[in-house]
Amino acid sequence: MSVRVRYAPSPTGTPHVGNIRTALFNWLFARNQGGQFIVRIEDTDVERLVSGALEAILESLRWLGLNWDEGPEVGGPCGPYIQSQRLSLYHEHARRLVAEGQAYHCYCSPQRLTAMREEQQRQKRPSGYDRRCRELTPQQRAEYETQGIKSVVRFKAPLDGQTTFSDLIRDEVTFAHSTLDDLVLLKSDGYPTYHLANVVDDHLMGITHVMRAEEWLPSTPRHVLLYDAFGWQPPQFAHLPMILGPDRSKLSKRHGATSLLEYRDQGYLPEAMMNFLALLGWSLDDKTETIDRDMLVQHFSIERVGKPAAIFHADKLLWMNGVYMRQLSPQEWLKRALPFLDRDLPPELPRPLPRDYLAMTVPLVQDRAKTLAEIAGLVDFFLVDELTYEATLLHDKGLDVETSRKALGAALDLVSSVAPFDAETLEAALRPLAEQLGLKTGTLFGILRVATTGRTAAPPLFATMAVLGRERCLKRLETALNHLA
RNA sequence: GGCGCAUUCGUCUAGCGGCCAAGGACACCUCCCUCUCAAGGAGGAGAUCACGGGUUCGAAUCCCGUAUGCGCUACCA
């Protein structure tokens, strides 16, 4: 039987990296096995719906390149893939369990349940539904119904015994039935709970492997019991390690960027993100760090997924992004950078940006950027009309103003006459100047760097000047001289 | 409180009984390259494998207990 896995997010916000890591592992497994990757939207909590969340989920998947075989937008044989459009299915199955005596209507008010729970907690007793409605007589039920009290449908969990299931990552896990209560299957608003909906849908959609975060482990025995109640074969389970914030708590907004799309906006490459996320809880061997998408698909396996939760430390992601950025061809690099340059370069610079001129800067800055968002700060001096910098930088490190002026003046002469205007010729002309002035080359070049780029750290001087061109260089050297006047 | 899962350098991890007085990567430090900054290259520091008991000729690897962390304990997923 062909593998069918699903990513089943609920549209309550924009997905964070941990959530998407789960999607990634499902996708990798499906692609590795030649199976299907299905996306199913679990919008059964009307209260928590966030508008735009669905689009953010799909956009996250698209950005990483996690294409789905069935789901929203593409449809499929088991649709609809949005749970709010499958309500009658859940009702039908809940009714069946009630008719078979495997589930029952519960009329307890939310207030009573809350009070009960609080009391249990106060007494430090195990919490859980006290099963008051489990054995209601037909008369009692009729009574509640005529009073118009809304009910929920609860599953009749076995009172004793235990359930053991096999998890692909954690091996055998056992839960005593005495620790389970009668969970709600159908809410009073007519929507199913996650428990009912995911079991019904996973079965109806032919899901073979349920790969989800570890937080679902405690409810898995209930799901297994539900499969049994329906007479269905449960899928294989694989509970993935969680991803924690640097303080070891569940990843949240407090930890800075957590949503995948934020990383996109910060200039991370999807291929780097995929590589990094894959290594959070999975490894190929004892040394491989960079693995591209195809290799990932080729080598992914559940057996190599680890058990312990992983902390999301973005510093390694930053490094990896740099690796992928440097691997890009200059053309591709520019293409990816352009939208960020449009966004981040000073608005007073005319658009469209001078693409050909920017292309010349690529060899000078490609190795220096770790994210696409940094590029604007690396190339802005190539484009800006007026450089802004502290004039003291022109005679820093104990240099007297007069020497700086002499240096700039001499450079000005050479730059105006040198030909051709390329890096080699410029260097051949300017390097000897240091000795003539009795300066160390580093010192001279430092002055010229500040004058031509406005900064103390920049790409190699002569290559930079060559790209800037004679006009700009002369103008900037003159401006620098004026700063010292 | 109950139940469950987990526990190897700061972080991501390799390790499925002897090849490990524990390997790789990020970050950090030093050096090289060098006009600055990067990139690149070479080194370094960093883990008594949570702790305590077993099992075994032999344990990071198997078992038990303890501790710690995390998760679940909703008419949320």
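Reminder, nothing fancy here: chain letters follow the sequence lines and each chain counts from 1.
Side-chain polar atoms of Asp247(A) and His255(A) form a donor-acceptor pair below 3.5 angstrom.
At U36(B), none of the side-chain N or O atoms of Arg455(A) fall inside 4.0 Å of OP1 or OP2 (strictly under the cut-off). Listed pair Arg304(A) / G15(B) meets the phosphate criterion, a side-chain N or O lying under 4.0 Å from OP1 or OP2. Close to U73(B), at under 4.0 Å from its OP1 or OP2, lies no side-chain N or O of Arg125(A). When the side-chain nitrogen and oxygen atoms of Lys187(A) are compared with OP1 and OP2 of A77(B), one or more of them lie within a distance under 4.0 Å. Between Thr193(A) and C75(B) there is no side-chain N or O to OP1 or OP2 distance below 4.0 Å. Put simply, Lys316(A) has no side-chain N or O that comes within less than 4.0 Å of OP1 or OP2 on C28(B). Between Lys287(A) and the phosphate of U13(B), there is no side-chain N or O to OP1/OP2 separation shorter than 4.0 Å. Contact between the side-chain N/O atoms of Arg117(A) and the OP1/OP2 oxygens of A74(B) is found at a separation under 4.0 Å. Distances shorter than 4.0 Å separate some side-chain N or O of Arg431(A) from OP1 or OP2 on C35(B).
By the neighbour-count criterion of 12 heavy atoms within 6.0 Å, atom CZ of Arg132(A) is sparsely surrounded, having that number or fewer from other residues, nucleotides or ligands.
Looking at heavy-atom distances under 4.0 Å, Tyr191(A) makes no contact with the nucleic acid at all. Within the 4.0 angstrom heavy-atom criterion, no nucleotide atom of any strand lies near Pro241(A). Within 4.0 Å (heavy atoms only), Ile311(A) reaches sugar-phosphate atoms of the nucleic acid but no base atom. As judged by a 4.0 angstrom heavy-atom cut-off over every strand, Ser127(A) is placed among the base-contacting residues. Using a 4.0 Å heavy-atom cutoff across all strands shown, Thr12(A) reaches no nucleic acid atom at all. Among the heavy atoms of the strands lying under 4.0 Å from Pro110(A) is at least one base atom, whether or not backbone atoms are also near. Residue contacts shown for Val173(A) are limited to sugar-phosphate atoms, with no base heavy atom under 4.0 Å away. Among the heavy atoms of the strands, none lies under 4.0 Å from Met320(A). Residue-level contact check: Lys370(A) touches the backbone only, with heavy atoms under 4.0 Å from sugar-phosphate atoms and none from bases. No contact: Lys440(A) has no heavy atom under 4.0 Å from any strand. Among the heavy atoms of the strands lying under 4.0 Å from Glu42(A) are primed sugar atoms or P, OP1, OP2 only; no base atom is included. Residue Gly281(A) is classed as a sugar-phosphate contact, given heavy-atom separations below 4.0 Å to backbone atoms only. Among the heavy atoms of the strands lying under 4.0 Å from Val152(A) is at least one base atom, whether or not backbone atoms are also near. Looking at heavy-atom distances under 4.0 Å, Ala458(A) makes contact with a base.
Rounded to an integer number of Å, the gap from CD of Glu118(A) to P of A74(B) is 12 Å. Nucleotide C37(B) holds its C1' atom 12 Å from the CD atom of Glu374(A), rounded to whole Å.
By the 6.0 Å and 45° rule, Arg154(A) stacks over the aromatic ring of Tyr129(A).
The partner of C26(B) is G10(B), by the rule that a Watson-Crick or G-U pair needs both atom distances under 3.5 Å. When both pairing distances are held under 3.5 Å, C70(B) makes a Watson-Crick or G-U pair with G4(B). Remark: U61(B) base-pairs with no nucleotide in the shown strands. Criterion, Watson-Crick or G-U wobble with two distances under 3.5 Å.
Closest approach to the Met242(A) side chain among C5(B), G71(B), A39(B) is made by G71(B) (side chain taken as heavy atoms from C-beta onward). Side-chain proximity of Asp45(A) to the nucleotides G1(B), A77(B), G40(B) is greatest for A77(B). Here the nucleotide nearest the side chain of Asp315(A), chosen from G4(B), A77(B), G10(B), is G10(B).
A side-chain contact (heavy atoms from CB on, under 4.5 Å) with His223(A) is found for one member of Val210(A), Thr163(A), Asn198(A), Leu196(A) and no other, namely Asn198(A).
Judged by distance alone, with hydrogens and angles left aside, Glu289(A) brings a side-chain donor or acceptor within reach of the base of G24(B), the pair sitting under 3.5 Å. Interface remark: the Ser188(A) side chain does form a donor-acceptor pair with the C75(B) base, using a distance-only criterion of under 3.5 Å. Contact of Arg248(A) with C70(B) (side chain to base): no donor-acceptor pair of N or O atoms is detected under 3.5 Å.
Side-chain contact between Leu468(A) and Cys473(A): present, with at least one pair of heavy atoms (C-beta onward) separated by less than 4.5 Å.
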Show, in sequence, the C-alpha distance, side-chain angles and deciding distance for Arg40(A) and Ser10(A), and conclude whether the side-chain hydrogen bond (donor to acceptor under 3.5 Å, both in side chains) test is met. CA-CA 9 Å; Arg40(A) 183 175 72 221; Ser10(A) 90; over 6 Å; no
